[in-house]
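The structure under discussion appears below in the form of structure tokens.
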Protein chains: 2
Amino acid sequence: MSDSCFVVRLNRYLDLTPTEKKAVASLEREPRDYPSGSMLWQEGDDLSELLIVHQGWALSESRLPTGKRQILRFHFSGDMIGASGIAFRDAPSSIVAATDMVVCRFPRRALGETFIEHPRLAALFFSISQMESIDLYDRLRALGRSEGKARLANLFLSIAARMRAVSGQHNPVIRIPLTQSDLGDAVGLTQVHVNRLIRQMTEEKLITRNRSTVTLVDEPKLIELARFVDRFSALDSSWFPSPRG
Amino acid sequence: MSDSCFVVRLNRYLDLTPTEKKAVASLEREPRDYPSGSMLWQEGDDLSELLIVHQGWALSESRLPTGKRQILRFHFSGDMIGASGIAFRDAPSSIVAATDMVVCRFPRRALGETFIEHPRLAALFFSISQMESIDLYDRLRALGRSEGKARLANLFLSIAARMRAVSGQHNPVIRIPLTQSDLGDAVGLTQVHVNRLIRQMTEEKLITRNRSTVTLVDEPKLIELARFVDRFSALDSSWFPSPRG
DNA sequence: TCAAGTTATTAACATATGTTATAATTGCGG
DNA sequence: CCGCAATTATAACATATGTTAATAACTTGA
């Protein structure tokens with residue numbers, strides 16, 4: 001196994017041919033370090049590169065002119081960041097490192113070449129992009145139609161699902177390097193209210209949290225509370241074009 | 001020019017070659033009628049076809065077990081529906097006709113063939129899918145971080161922008177065939193509260209609404225209130241692979 | 001080990017939004 | 001043109017969440 005976590009990720013969804021692996025790996029070069037808190041790019045920046053996360057967490061955020069912040073999405077190891085920069089010149093959100101990170105960049109033109117040379121990869125990129133849309137639908141539904149506790153439950157479960165998919169482990173203890181303010185900005189609540197809710201959820205023995213660790217104490221109840229559906233387990237690739245030679 | 005509104009739509013973003021046009025048009029066959037209110041498919045249905053909207057409006061919605069509904073997205077003429085069914089077997093949301101509609105269906109396998117034969121189209125589909133993601137980001141930010149009035153303003157402006165892009169007209173009067181309950185389900189509010197807000201916005205001379213018509217009376221103020229950004233005007237296709245033959 | 005900055009906790013109070021219910025309108029089929 | 005069903009309009013009241021502010025508990029680096 002190479003050290004390319006992008007290959008590892010994609011290979012989970014689709015059995016890549018050696019040529020395809022090589023193509024994917026070539027997108028992932030010259031890893032760079034970014035310290036926690038640094039900004040990989042900023043809302044409105046002219047954008048011509050994509051990123052692949054090697055190690056660490058990042059988050060996309062967007063700010064209202066009032067200074068209020070909404071966290072839109074989290075990015076983990078093996079994630080491609082900035083695909084939106086493919087439809088538009090300027091970035092619709094900022095990318096911030098939530099932990100120390102190792103990241104690769106590649107020019108978006110390389111993506112065009114990949115689309116020509118490797119139709120299956122094109123299909124796979126398209127599918128992954130659809131998975132992300134569905135994840136967004138779920139979050140939209142949570143924000144629009146459920147109360148604070150359910151929103152938090154949803155967030156924790158969805159982060160857990162994605163991290164478990166990456167690690168292969170199924171651990172009730174999850175490292176979530178986010179402050180109460182961050183959590184609030186992710187689910188549309190205030191830091192103060194997040195604090196209240198976490199206290200209640202702790203009293204109700206649903207979760208436990210300290211520092212950057214959240215423990216899912218009663219996962220079945222959390223799932224019911226949040227009406228959570230895990231979308232990230234399997235991809236249906238039965239319709240994909242067949243591999244070339 | 002053929003009567004294929006999918007070709008018309010795609011051609012707005014990218015100058016299609018005759019071959020590409022033919023390929024796109026072949027996805028759009030056997031138009032069928034659906035009366036307003038009918039359900040094109042339902043959350044959880046096994047899904048192996050995609051839709052293209054010829055005429056009319058549809059909306060995707062998802063229901064919580066409590067019966068609460070969240071409207072996720074609106075679909076207009078030239079839109080492709082169900083791309084999410086490409087990553088997963090079962091539909092993550094229901095599709096309901098908001099007006100009488102004319103719709104075409106095609107099997108998703110056909111999309112795979114298109115990805116092989118026409119890399120530029122693959123890139124275009126990918127880009128459009130990214131546009132939709134960005135639209136979702138905007139809605140997420142609106143739901144998470146702004147109050148009712150701004151959410152409604154956002155909804156009206158975004159629908160207006162999309163319909164104007166389709167029609168080429170820039171009219172302050174927009175036909176929005178949604179009840180106050182529907183509006184509420186789209187922006188995460190109650191029918192009663194939507195009613196209150198519309199009254200206030202009318203008093204403040206921001207909008208006017210009666211029956212299924214909304215008039216943007218003071219569009220600049222609405223834009224400021226909503227912090228609205230129009231994403232649907234242009235697509236950056238400079239990175240696309242070049243056309244074949 | 002201290003000092004300084006973050007992060008978390010709690011309280012009192014303010015407000016946006018939800019709930020329920022009822023009446024007024026409007027639209028539509030016969 | 002009538003009457004039923006859906007939509008809209010209001011009111012009174014309940015509650016979730018926001019705001020501000022003050023203190024406490026941590027982290028971190030010198």
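No experiment lies behind these values; they were computed from the predicted model shown.
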**Prompt:** 5'-most contact on DNA chain D: B:Arg211 or A:Val194, nearest heavy atom basis?
**Reply:**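 Between the two, 5'-proximity favours B:Arg211.
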**Asked** Heavy atoms under 4.0 Å, any strand shown: does B:Gly188 hit a base, just sugar-phosphate, or nothing?
**Response** sugar-phosphate
**Prompt:** For A:Thr190, which contact category applies under a 4.0 Å heavy-atom criterion: base, sugar-phosphate, or nothing?
**Reply:**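 Base, at least one base heavy atom under 4.0 Å.
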Once you round it to whole Å, what is the distance between [atom2] of [N] and [atom1] of [X]?
X	N	atom1	atom2	value
B:Asn195	D:dA6	CG	P	19 Å
B:Leu183	D:dT7	CG	C1'	12 Å
B:Leu197	D:dT8	CG	C1'	14 Å
B:Gln200	D:dA9	CD	P	13 Å

**Message:** Using side-chain heavy atoms (C-beta onward) and a distance below 4.5 Å, is B:Arg73 in contact with B:Ile81?
**Reply:** no
**Message:** Could you tell me if the side chain of B:Ile86 sits less than 4.5 Å from the side chain of B:Leu50, heavy atoms only?
**Reply:**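 Touching, per the 4.5 Å side-chain cut-off.
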Are the charged groups of [X] and [Y] less than 4.0 angstrom apart, N to O?
X	Y	answer
B:Arg32	B:Glu30	no
A:Lys221	A:Glu204	no
B:Glu28	B:Arg9	no
B:Arg69	B:Asp185	yes

**Request:** For D:dT8, take OP1 and OP2 only and decide whether either is under 4.0 Å from a side-chain N or O of B:Arg199.
**Result:** no
**Prompt:** Distance check: side-chain N/O of B:Arg209 vs OP1/OP2 of D:dT8, anything under 4.0 Å?
**Reply:** yes
**Request:** Could you list all the ring pair (Phe, Tyr, Trp, His ring centres under 6.0 Å) pairs where at least one residue sits in residues 74-101 of chain A, not counting sequence neighbours?
**Result:**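 Matches after skipping sequence neighbours: A:Trp57-A:Phe74, A:Trp57-A:Phe76.
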**Item:** Closest-nucleotide 5' rank along DNA chain C - winner of A:Val192 and B:Leu189
**Value:** A:Val192
**Asked** Given that A:Arg145 and A:Arg196 both sit by DNA chain C, which one's nearest nucleotide is further toward the 5' end?
**Response** A:Arg196
**Request:** Name the first nucleotide and the last nucleotide along DNA chain C (5' to 3') that come under 4.0 Å of a heavy atom in chain A.
**Result:** C:dT7 to C:dA12
